[in-house]
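Report on the structure given below.
Values below: all heavy atoms of this structure, side chains included; hydrogens, waters and symmetry mates excluded. Atoms within a ligand are numbered from 1 in the order they appear, just like the ligands themselves. FYI, the numbering just counts along the sequence from 1.
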Amino acid sequence: MTSNRGPARLTDGRGLVVIRGGRIVDPASGRDEVGDVWMEDGRMIERPSDAREETGGRRPFVIDARGKVVTPGLIDMHVHLREPGREDKETIQSGARAGSAGGFTAVACMPNTDPVIDNAEVVHFVLERARQADIKVYPIGAITKGERGEQLAEIAEMVDAGIVGISDDGKNVDDPAIMRRALEYAKMFGIPVIPHCEDMNLSAGGVMNEGVVSTVLGLKGIPNAAEEVIVARDITLTELTGSRLHIAHVSTAGSVVLIREAKRRGIAVTAEATPHHFSLTDEAVRTYDTNTKVNPPLRTARDVEAIQEGLADGTIDVIATDHAPHTIDDKAVEYDLAPFGLIGLETALGLVIARLVQTGTLSLMDAIRKMTVAPARILGLPGGTLEPGAPADVTVFDPDRQWRVTPDVFLSRSRNSPFYGWTLRGAVEYTIVDGRVSGWAMPGGEKT
Ligand SMILES: [Zn+2]
């Protein structure tokens, strides 16, 4: 299936670029003002004294951003790019293009590929593929070999090869002694451990949230406790080891309470939530649309409210998509049999603006912080700011433009979104990576 959003590479990254007259929102420096943003040869710079747009001097490439928002390039620290192994669902290149269209200039990709990213060779493969991609791709290595939970992966050699964190995402690390050793190793290398918290005995056979809706639908539920007992365990082990924990895709009110309390006690824990977990409840499963089948599952309105409160009070540091592409054939089966996951890179910003900013839950500054400097700091990435000297990674979007989610807007190789028919707000116009400008035209949509 093709998309009707045309990518246009407008510059090659060399020379001067100026973004004129936009609302600059840079959480790293606290800047929120209308002005110009300059870059040269892939770096952010102050306005150069010899720049002349009219006559003489050097001519910059000019982007007119009046009425638009200019932010550091968005960073998604949790995506599944499916390469190597399932290139029919996504590739590093197609996922990166979807990311660029969604306003992301960098993503961190999870290791549950085939083969699993559990040794330096696979890390090198991913980074080699990433060099051809539209945006920056940072691999996360597995905690255990093959994500089997038995033996630690080759963490030291993967760190040398360039991983930015470790995770067995998609699976829990069941053995607490192995989790403890992973935390100790990660501490030595200064990288975070990113657990997928799910007690596999409590969740066994479950396909959606355990509650009223699962009972009515006759589907097997996954209780909130399946997540919370492991969140509590991993916080305890983080305190024991003095290591650094970043909890993936928080979905329950109880997890938010546990993380808030851990932070209050000074434990080095951070957390992320996905747009679907702050936008949808398990009521969405009533349609039996397999695109609502995701792990952790969509929870209740009370959980969604707690996630939003956690985002607002800083308990949840990061918004990440858990972009998980699946083919139409994989999802076109009964609910019980469908794989977990949905695509998120191209709807994330629109959901953040429509569901968090427009509703007053988060300021634009706080929302952008959770998609730029916060993930950059957790993973130790360059970027996340517009300050001079930083990489020229910038996102320009129209905050007022509404658009309807339809299959043909997506550049991802997959189409498994639960948001068809939704009207979102905030359309990406330019994504700039190391000074290379890509222009994105959102079809249809109307200004309000
Ligand atoms: Zn996960």
Residues Thr252 and Arg299: side-chain donor-acceptor under 3.5 angstrom: no
Candidate list Lys89, Arg415, Arg82, test salt bridge (Lys or Arg N to Asp or Glu O under 4.0 Å), partner Asp330, passing option: Lys89
Any side-chain to backbone donor/acceptor pair from Asp303 onto Thr300? Under 3.5 Å, distance only. yes
Aromatic ring centroids of His196 and His249 under 6.0 Å? yes
The side chain to side chain contact (heavy atoms under 4.5 Å, CB included) partners of Thr372 (sequence neighbours excluded) come to Pro27, Pro72, Leu74, Ile368
Distance below 2.8 Å from the Zn ion (ligand 1): protein N/O/S atoms: Asp169 OD1, His196 ND1, His249 NE2
Are a donor atom and an acceptor atom from the side chains of Asp88 and Thr327 found within less than 3.5 Å of each other? no
